Amino acid sequence: MSDVQPLRNALGTLQSLYNFLEASPKRHAVFNSVKIDGDHLVLTLKSLSETRWSCRWEAVKAVSEQMPKIIKALLILTKDNDTKTYTDSVAILNAICDFEFVFGLILLKVILSNTSSLSNYLQGKGVDVITAKRNADLTINTLRKCRNEKNFELLWERAQIMSNEMKKDIKGSRFVFKEARAPRNKPSRRLQALIGESTNTACVTTPKAHHRINTFYLSLDKVLSEMKSRFHNNDQEILCALGDVVLNDSPLENSFDAVAEFYNVDRDLLEVEKSMYQNSIMDESNPRAKTAANVVDKMFQDGLCDLLPVLYEAATILASIPATSCTAERSFSGLRRVKTYLRSTMGEESLNSIAVINIERAHANRTIKNDMVKIIDTFGRRNGRDSYFF
């Protein structure tokens with residue numbers, strides 16, 4: 001969205017507003033002390049994140065739902081005696097009192113509200129690649145349906161309503177709301193002379209038409225293009241075929257052919273083993289597994305991994321393919337919490353051991369809760385116990 005100027009400027013203004021109000025306890029107290037009639041919704045201002053779109057949705061929602069409160073707090077801060085507080089509040093208020101910011105804020109709210117659920121799912125721990133693709137396709141189809149003239153008219157009307165409310169909030173102050181405007185597209189005089197056009201004519205575009213083409217449609221096309229390039233690669237066909245073979249009760253013939261050719265396995269044997277697995281779970285109350293990990297776990301518990309090796313290998317491949325790299329990125333993000341300034345002399349072996357405990361802290365906490373007495377007894381019976389510390 002950085003290629004679309006209104007959205008880029010709106011996100012920059014949101015981050016500047018958060019930095020301004022939250023950097024000072026005094027300004028934060030002024031914002032919290034502002035009371036608006038009929039306002040029962042209290043949301044905390046959020047900082048934007050480069051990687052998590054769910055944080056951006058929370059930041060946009062907090063500002064959009066509390067715009068009168070924000071404007072009133074900024075008007076109070078413009079009368080402050082501190083020079084930095086005065087200049088920053090004036091600059092932010094001038095940036096907010098602009099129709100381009102309002103329209104960008106409402107458009108961001110529409111885009112991020114549709115992508116927030118997908119972002120939360122992709123950054124979860126139990127992510128399945130087939131379910132991730134299904135949710136991504138659902139989000140893409142939803143955004144594609146939003147790309148029409150009716151929705152643009154609805155967004156434009158909402159922007160005008162918010163603009164009128166903001167005009168009432170700043171009425172009586174020295175601030176002026178900037179109306180919707182469009183750049184004046186005046187071609188080169190030399191080019192007009194070469195093609196025989198009059199140099200006095202200029203292409204005039206209305207603000208509404210300008211934002212329809214260069215903001216609304218352009219931003220939705222950018223988001224749809226990025227999501228398609230991420231989830232509609234050539235490898236997705238193999239993943240869908242693999243998911244069809246492992247998870248569905250009656251896989252397609254083309255799915256067996258694609259999996260057998262790509263992974264170089266016996267196609268007939270894979271089909272026979274799939275039929276045998278379906279017969280083994282036919283008498284159960286809930287025979288269909290939701291994820292590939294459930295299939296692998298059930299085959300291992302029932303002793304089918306040796307009886308059905310080809311299907312077990314296909315299910316293991318599907319279960320081990322990560323939908324995102326969020327889990328690995330969390331490990332690197334947590335490294336600064338492990339190696340602090342007080343642990344600056346820590347060796348590599350100790351760092352690796354503590355990092356593994358931090359990454360697998362759910363298992364570590366469960367082990368400590370259930371087996372701590374056994375661990376202490378085992379450690380106490382050993383000789384040279386100091387050598388067993390990390």
Side-chain angles (χ1 to χ4, degrees), residues 15 18-19 22-23 44 46-59 115-133 135-136 226 230-231 233 235 239 242 290-301 305 312-390:
Q15 186 63 42
Y18 171 81
N19 295 338
E22 300 298 327
T44 304
K46 301 290 184 179
S47 177
L48 301 180
S49 175
E50 295 294 334
T51 56
R52 299 193 63 182
W53 279 40
S54 56
C55 294
R56 298 192 175 195
W57 158 243
E58 293 173 359
T115 58
S116 177
S117 299
L118 177 62
S119 177
N120 291 331
Y121 176 77
L122 293 178
Q123 295 190 8
K125 293 184 178 180
V127 182
D128 180 70
V129 64
I130 300 300
T131 308
K133 186 179 184 303
N135 294 340
E226 290 294 332
R230 172 63 179 84
F231 292 99
N233 295 330
D235 296 340
L239 289 176
L242 192 61
K290 295 182 179 180
T291 62
N294 300 136
V295 176
V296 173
D297 185 57
K298 178 169 181 54
M299 292 183 70
F300 182 80
Q301 291 179 358
C305 53
Y312 182 75
E313 181 182 0
T316 304
I317 292 174
L318 181 61
S320 60
I321 295 177
T324 63
S325 59
C326 294
T327 304
E329 291 175 1
R330 286 195 194 97
S331 303
F332 291 102
S333 300
L335 188 61
R336 62 180 179 180
R337 296 193 297 269
V338 174
K339 190 171 184 179
T340 61
Y341 291 106
L342 298 178
R343 296 172 177 171
S344 58
T345 59
M346 182 190 305
E348 183 177 355
E349 184 178 357
S350 300
L351 178 62
N352 291 337
S353 301
I354 295 178
V356 170
I357 295 176
N358 179 68
I359 295 170
E360 304 294 341
R361 57 184 175 273
H363 177 71
N365 293 335
R366 186 166 56 251
T367 303
I368 291 173
K369 181 179 179 180
N370 299 329
D371 303 327
M372 176 55 70
V373 177
K374 185 186 298 184
I375 293 174
I376 294 175
D377 293 340
T378 303
F379 179 75
R381 288 193 296 266
R382 288 178 174 176
N383 296 324
R385 290 173 294 182
D386 56 342
S387 62
Y388 289 95
F389 281 112
F390 295 113

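Numbers here are sequence positions counted from 1. Computed from a predicted structure; not experimentally measured. No hydrogens, no waters, no symmetry mates; every other heavy atom, side chains included, goes into these values.
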By side chain to side chain donor-acceptor pair (under 3.5 Å), which residues pair with Ser117, not counting sequence neighbours? none
Return the NZ to CG distance between Lys339 and Asn358, rounded to the nearest 0.5 Å. 14.5 Å
Could you list the residues that satisfy side chain to side chain donor-acceptor pair (under 3.5 Å) with Asn352, not counting sequence neighbours? none
Those residues that, when tested against Gln301, pass side chain to side chain donor-acceptor pair (under 3.5 Å) (two or more places apart): Asp297
Just to verify, what does Asn19 make a side chain to side chain donor-acceptor pair (under 3.5 Å) with, not counting sequence neighbours? Gln15
How far apart are the closest heavy atoms of Thr316 and Val296, and which atoms are they? N-CG2, 3.7 Å
Provide the closest heavy-atom pair for Ala59 versus Leu48 in the form atom of the first, atom of the second, distance. CB-CD2, 3.6 Å
Of all residues at least two apart in sequence or in a different chain, which pass the side chain to side chain contact (heavy atoms under 4.5 Å, CB included) check with Val356? none
Residue set satisfying side chain to side chain contact (heavy atoms under 4.5 Å, CB included) with Thr340, at least two apart, ordered chain then number -> Leu342, Arg343
Here the gap from Lys298 atom NZ to Cys305 atom SG, rounded to the nearest 0.5 Å, amounts to 13.0 Å
Spacing of Asn365 atom CG and Ile357 atom CD1 [to the nearest 0.5 Å]: 10.0 Å
